[in-house]
Every structure is written in structure tokens, then in C-alpha cells.
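Take a look at the structure below.
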Amino acid sequence: MTRLRFMTAGESHGPALTGILEGLPAGLHLEAADLDRDLARRQRGYGRGGRMKIEKDTAEILGGVRFGKTLGSPLALLVRNRDFENWRERMQAAPGGPDPKPVRVPRPGHADLTGGIKYGHTKDLRGVLERASARETAMRVALGAAARVLLRELGIGIGSYVRSIGPAEATPAHDAAPGLYREDAYELGLLADGFETRALDEASSRHLAEAIDEARRRRDTVGGVVEVVATGVPVGLGSHVHWDRRLDARLAGALSSIPAIKAVELGDGFAAAGLYGSEVHDPIHLSAGRLTRARNRAGGLEGGITNGEPLVVRAAMKPIATVPAALGSVDLHALEERSAHVERSDTCAVPAAGIVAEAMVALTLADALLEALGGDTMDALRLPFAKLRLSTRVEPGHAFLLGPMGSGKTRSGLILAKRLGRPFIDLDARIESRAGTSIAQIFQTAGEEAFRELEEVALREATREAPAVIALGGGAVVRESAWRSIRKSGVAVHLHAEPDELARRLIANEREVLARPLLGDGPPEVRLAELARERDRWYARADVRVETTGLSPEEVAGAVSGLVRAVLGPLV
Ligand SMILES: Cc1cc2nc3c(=O)[nH]c(=O)nc-3n(C[C@H](O)[C@H](O)[C@H](O)COP(=O)(O)O)c2cc1C
Ligand SMILES: Nc1ncnc2c1ncn2[C@@H]1O[C@H](COP(=O)(O)OP(=O)(O)OP(=O)(O)O)[C@@H](O)[C@H]1O
Ligand SMILES: O=C(O)C1=C[C@@H](O)[C@@H](O)[C@H](O)C1
Ligand SMILES: [Mg+2]
């Protein structure tokens with residue numbers, strides 16, 4: 001990793017895991033809850049052992065965040081081990097010991113023997129296994145969750161699901177959830193979270209659970225394959241120019257660093273080796289104003305660089321090394337053959353390994369993104385990211401204007417459309433003309449929810465039309481689906497003004513106030529300030545921001561037109 005660096009420390013039954021992630025841009029909204037969500041996901045999954053019942057992982061943020069936003073300084077995290085209470089004496093940092101119950105019979109397949117010899121722990125292999133335990137991956141998941149928040153802010157979603165456990169295969173995502181597989185891997189991961197084995201449908205999940213039950217019946221363990229998908233990934237992350245900059249290599253390294261992962265496939269991976277070139281490579285098409293692929297056997301990677309298609313990688317996990325019907329081994333003290341040590345353990349951790357794999361992919365992608373684009377702050381990242389995102393477009397795409405009521409989306413938008421020689425679509429006006437009534441009336445008779453549905457449909461339809469200037473309603477961008485439509489089809493420009501200035505503009509004309517039901521009866525500046533608190537986080541996702549205070553509507557249009565041109569990619 002070159003732009004992001006992370007380190008973790010901590011033993012499985014020590015007091016806590018700690019981690020530092022350095023290189024996150026300043027200004028990213030980040031809360032402990034964002035990290036806890038993924039920590040909880042890692043703890044679930046059919047086949048886990050007793051430890052996960054003891055722990056309830058939560059991350060404490062010790063550095064790098066103030067008032068819910070990253071500072072640009074290292075993110076420092078702590079995840080406590082509840083089980084430490086039961087190990088206080090045996091895991092104390094203070095001088096003491098020896099442990100009354102030393103571990104002396106190494107488990108084949110674990111780090112016990114190799115680590116024991118290397119670090120001189122053969123008298124008590126606990127000196128190795130405490131750190132070789134995959135408890136360590138909890139901190140990777142917490143740090144990876146921060147990287148995911150960064151990526152998600154830019155529209156890159158990461159998710160995983162389980163493809164197989166032992167001999168049992170699950171329905172792959174391209175059949176079970178084709179839409180999410182192409183468009184929203186984050187949701188794909190959440191779909192998998194709904195099943196105890198993290199398959200994507202009930203029948204598959206039952207099938208996978210049976211394979212785990214069978215292993216348990218045999219007093220054995222079982223592995224499997226997880227697939228990690230990332231959607232919304234732009235062209236241009238990674239590089240063909242040097243071996244250690246190829247994203248393929250970095251992903252393979254990151255995934256195979258997860259304990260028990262023994263093989264990684266990029267795109268079709270091993271299957272491609274058995275096919276003809278014409279069957280494997282993904283022909284390039286021109287459609288909907290973009291370079292596109294009808295299939296994605298490359299898994300979104302060509303030449304060590306992302307190609308704009310979803311990233312698809314798989315990781316194969318071997319069965320857990322702690323086999324309950326213990327394997328043959330040698331007591332390193334008595335130097336006699338004995339059954340291997342059995343530590344409380346999982347039967348199958350493939351569902352959890354998927355969450356760890358998501359975290360490693362997130363850290364790797366975030367690193368490559370920051371390497372390609374720089375960015376000490378989130379604001380500095382957005383414009384260069386938009387250029388990458390739009391770089392496979394062969395037509396300009398739409399210019400979306402968003403921002404609060406009174407920011408001038410309608411007024412400046414009309415002027416901008418004339419300047420660019422493009423059609424102007426005012427989403428509010430379009431909804432009104434279709435409904436044959438005013439927005440105020442729609443709010444009054446059908447309610448806000450009904451209006452939001454009309455708004456969503458109108459936005460989706462507008463994005464399919466010829467490149468236009470599209471003025472959005474003030475609340476149209478307060479949902480993920482709107483951002484998916486916007487990011488695919490153009491540039492998002494945030495017109496900004498402070499609530500006081502917005503209120504001044506609107507109060508100047510009583511009709512302006514009456515036309516906006518959300519303003520209610522109170523003082524507009526109070527309501528506008530309230531809305532700003534709710535919505536600024538969504539507006540901040542725009543590719544560029546124009547401060548409109550002190551500019552006439554014409555000047556705003558001029559500024560926007562320059563910015564829109566700056567974002568257009570190399571093919572336009
Ligand atoms: C989420 C997760 C949970 C794991 N749980 C266990 C476990 O309970 N018992 C065990 O022996 N190994 C478990 N492992 C695997 C070991 O950590 C791993 O086999 C060990 O560190 C040796 O590394 P290697 O298998 O890569 O050679 C788990 C791995 C992961 C990713
Ligand atoms: N840059 C500006 N300077 C001064 N007044 C402005 C500016 N831009 C817009 N206005 C005025 O503010 C009022 C609201 O503008 P407009 O209708 O374009 O806002 P809007 O962003 O489309 O709001 P809504 O989200 O409610 O549709 C209008 O009276 C308009 O003339
Ligand atoms: O900010 C909002 O939620 C709204 C803004 C206007 O554009 C209209 O879409 C409607 O008045 C709602
Ligand atoms: Mg308007």
C-alpha cells in the first residue's frame with residue numbers, strides 16, 4: 001500500500017486489538033457505528049465456535065476523527081477482547097508465568113509449529129497461536145470499514161457472498177441477484193447477510209449449512225469459496241507499468257494475507273485457463289453514450305488496471321486447522337507422537353472470511369484510488385474522481401444541478417442550458433406538468449412520500465434522455481438510488497448558499513415561499529437551516545460545488561459551464 005498504511009496489534013485473548021490507518025483524507029463523515037456494523041457482520045455466520053458468543057465487538061475511535069469527521073490525521077482504533085477477563089493471569093503483559101497449561105502439541109495446518117520454532121515458543125505454543133488466531137482480522141474489518149465509507153461516499157460499493165462450502169455450491173450472484181451484481185455490491189453483501197451461511201438465497205443457504213453440519217457430525221472442519229464484488233469502480237485504478245503497481249497483484253496479496261485463504265481468482269481465474277481467447281475476453285461496445293462490455297469475465301481488471309466493470313474476485317479458504325477429531329502431531333516437550341492440541345474453534349468460518357475479504361478489498365481499492373487521485377481532503381478528491389468516473393463516456397452526459405431551495409437550480413440552470421446548447425429539464429416543473437397540479441397541491445393531497453416517488457421516477461426517466469441540464473428538486477438527492485442514476489449519467493454540481501441568503505432570495509417574492517411546502521409557516525431561515533443540517537451530507541457528494549452567494553444567476557451559470565467542461569473525460 002502506498003497512500004494508505006495500516007498496522008494492527010493485539011493477541012486473541014489479550015486485552016484488546018489496536019489498529020492505525022494512516023492516509024484517509026480529511027472531511028470524511030465517520031462514526032463508530034459505521035465500523036461496528038461490519039464488526040457485527042464478521043461475528044455472524046453458521047459454523048462459528050463459542051468465542052463469538054462471548055465477544056460483542058465494538059470499535060472505540062481514539063484518534064483521527066473530530067465531530068464525526070476525519071481530520072486527516074491517523075485513525076486509531078481499539079476493539080476490546082471481552083474474553084480477556086477469563087485470561088487475565090495467563091495473558092498478562094507484566095512479568096510472570098509460566099502458563100500452567102502450556103500448549104505443546106502443534107496443530108497441523110496452523111502456525112503453531114512454524115511460528116513456535118521461528119520465535120522460540122516451542123515450550124508454549126500459545127506465544128504463537130494468540131496472534132495467528134484470526135481474531136486479529138476483527139481489526140482489519142474495523143479499519144476496512146473506514147475505507148469502505150470513503151469508497152461508498154464516491155459511489156463504490158463492496159460486498160461479498162459465499163459461493164461454496166466444501167462440496168456444496170450456492171447459486172452465483174449473476175443468477176441469484178444479477179441487478180445488484182452489476183449495480184450495487186454493497187446491497188449484494190447485505191442480501192447475503194440475511195442468510196446464515198451468507199449465500200444469496202434460502203435453498204443455497206440450506207445446502208451450504210448441510211455441508212457444515214456434515215463436517216460437525218464427522219468432528220471435522222470445512223472450507224469454501226467467497227466472492228467479493230465491487231461496483232461503481234471507475235477505470236484507472238492500478239497500473240500496468242510495474243509489477244508491484246498492478247492491482248491484480250495487490251488484490252491477490254491482500255486476499256491471500258487473510259488466514260486460511262489459499263487461492264485467489266481474479267475474474268474467471270482458473271476457469272479461463274481452460275477456454276479459448278474468444279470465449280474469455282470481453283468485447284468492447286459503444287452503447288448509451290459509453291464504452292461498455294456485454295460480459296465481464298475479466299472481473300473488471302485489464303493490464304493491472306480497473307476497466308470500469310464490476311471488480312470480481314474470489315478467495316478459497318481451506319478447512320479450519322483445529323480439527324476436533326485431532327490430527328496426528330508431536331508433543332514438542334515429551335518428543336512423542338500425540339494428538340494435536342484442540343483450542344475452542346470454528347467448524348467453518350467461510351461466511352466471516354467474506355467480511356474480512358471485503359475489508360481487504362476496500363483497503364486495497366481505497367489505496368489505489370488515493371494513489372491515482374491524491375486528495376488530502378474529500379473535497380479535493382471529488383473533481384478528479386468525477387473525471388475518472390466519466391472517462392468511458394463518448395458523449396458528455398447530463399449536468400445535474402443540486403442544492404437547497406433557492407440556490408438557483410432552476411434560475412441558473414435555464415441560463416446554463418442555453419449556454420451549453422442543451423435541453424433544460426426542471427424536475428419539479430416536469431412533475432407538476434405530469435400531475436397537472438402544483439407541488440404544493442401534491443404535498444397537500446397525496447403527501448410527501450408520494451411526491452418523492454414521482455420525483456424518483458422522473459429522475460430515472462430524465463437520465464435516459466439526450467444530454468441535458470437537469471435541475472433537481474432540493475430533496476431529490478437524499479437517497480442512494482438517486483445517486484446511482486446521477487453518477488452513471490453525468491456530472492453533479494452543488495449550488496451552495498447559506499440558509500440566511502436562501503431565505504433572503506425566497507422572501508423577496510411571496511409566491512416563491514408559497515410554492516415550497518417544506519418551508520411551512522415558520523421563519524424560512526430556521527427551516528432552511530434545519531434542512532441544511534439534514535441534507536448537507538448528501539449535497540457534499542456532488543462532483544463540484546459552486547458558492548453562489550455574491551454571484552448573479554448568470555455568473556453562476558458561467559462558473560458551472562467551465563466546471564462541467566473540466567470534468568469531461570478524454571473521449572468527449
Ligand atoms: C474469520 C476466520 C476465522 C478463523 N477461525 C479459526 C478457528 O476458529 N480455528 C482455527 O484453527 N483456525 C481459524 N482460522 C484460520 C487460522 O487463523 C489460520 O489457519 C492460521 O492462522 C494459519 O494460517 P494459514 O492457514 O494461512 O497457514 C480462521 C480464519 C478466519 C479468516
Ligand atoms: N445567484 C442568485 N442570486 C440572487 N438570487 C437568486 C440567485 N439564484 C436564484 N435566485 C433567486 O432565488 C429564487 C429561487 O431560485 P430558484 O427557483 O432557481 O431556486 P431552486 O434552487 O430551483 O429552488 P427549488 O429547490 O425550490 O426548486 C428565485 O427568485 C431566483 O430568482
Ligand atoms: O427541498 C425539497 O425537498 C424540495 C425542493 C423543491 O425543489 C421541490 O422539489 C419540493 O418543494 C421539495
Ligand atoms: Mg427549482
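Read the numbers this way: they start at 1 and go in the same order the structure lists the ligands and their atoms.
- Remark: ligand 2 and Lys409 share an N or O pair separated by less than 3.5 Å (distance only, no angle test).
- Atom 21 (O) of ligand 1 has as its closest protein heavy atom Ala132 O, 2.9 Å.
- Taking 4.0 Å as the cut-off between side-chain N and carboxylate O, Asp124 and Arg104 do not count as a salt-bridged pair.
- Which of Arg48, His110, Gln43, Arg107 comes nearest to atom 16 (C) of ligand 1 through a heavy atom is settled by distance: it is His110.
- Scanning the protein for heavy atoms near atom 10 (C) of ligand 1, the closest one is Ile320 CG2, 3.2 Å.
- In this structure, the protein non-hydrogen atom closest to atom 5 (N) of ligand 1 is Asp346 OD2, 2.9 Å.
- For ligand 2, the atoms sitting less than 4.0 Å from at least one non-hydrogen atom of Gly474 are 25 (O), numbered in the order shown with element in parentheses.
- Note that CZ of Arg131 is 12.5 Å distant from NE2 of His121, once rounded to the nearest 0.5 Å.
- The protein heavy atom nearest to atom 27 (O) of ligand 2 is Asp428 OD2, 3.4 Å.
- Residue contact check: Ile258 has heavy atoms under 4.0 Å from atoms 31 (C) of ligand 1.
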| field | Criterion side chain to side chain donor-acceptor pair (under 3.5 Å) on Glu358 and Ser160, from CA distance to verdict | value | CA-CA 6 Å; Glu358 288 179 16; Ser160 70; 2.7 Å; yes
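- Ring orientation note: the planes of Phe451 and Phe443 are tilted relative to one another, at an angle of 30° to 60°.
- Using a cut-off of 4.0 Å between Lys/Arg side-chain N and Asp/Glu carboxylate O, Arg135 and Asp83 are scored as not salt-bridged.
- Residue contacts with ligand 1 include Met317, since one of its heavy atoms falls under 4.0 Å from the ligand.
- A heavy-atom separation below 4.0 Å is not found between Gly49 and ligand 1.
- The heavy atom nearest to atom 30 (C) of ligand 2, considering only Arg516, Arg411, Glu501, Glu555, is found in Arg411.
- The ligand atoms of ligand 1 that sit less than 4.0 angstrom from a heavy atom of Thr322 are 9 (N), 10 (C), 11 (O).
- A heavy-atom separation below 4.0 Å is found between Lys318 and ligand 1.
- Among the atoms of Gly403, none of the N or O lies under 3.5 angstrom from an N or O of ligand 2.
- Across Arg505, Glu554, Arg511, heavy-atom proximity to atom 5 (N) of ligand 2 is greatest for Arg505.
- The protein non-hydrogen atom at the shortest distance from atom 14 (C) of ligand 2 is Gly406 CA, 3.7 Å.
- The existence of a salt bridge linking Asp543 and Arg382 is excluded, since no basic side-chain nitrogen approaches an acidic carboxylate oxygen closer than 4.0 Å.
- Counting atoms of ligand 2 from 1 in the listed order, those under 4.0 Å from a heavy atom of Pro404 are 21 (O).
- Comment: Glu214 engages Arg217 in a salt bridge, judged by a side-chain N to carboxylate O separation of less than 4.0 angstrom.
- Considering backbone and side-chain N/O of Arg42, none are found under 3.5 Å from N/O of ligand 1.
- Less than 4.0 angstrom separates some heavy atom of Met405 from each of these atoms of ligand 2: 23 (O), 24 (P), 25 (O), 26 (O).
- For ligand 2 and Ser407, the ligand atoms under 4.0 Å from any heavy atom of the residue are 19 (O), 21 (O).
- From the protein, the heavy atom lying nearest to atom 31 (C) of ligand 1 is Pro259 O, 3.4 Å.
- Within ligand 1, the atoms closer than 4.0 Å to a non-hydrogen atom of Ser345 are 7 (C), 8 (O), 9 (N), 10 (C), 11 (O), numbered from 1 in the order shown.
- Nearest to atom 4 (C) of ligand 1 by heavy atom, out of Ala111, Ala134, Ser133, is Ala134.
- Here atom 1 (N) of ligand 2 lies nearest to Leu551 when heavy atoms of Thr548, Leu401, Leu551, Asp426 are compared.
- At least one N/O-N/O distance between Gly408 and ligand 2 falls below 3.5 Å.
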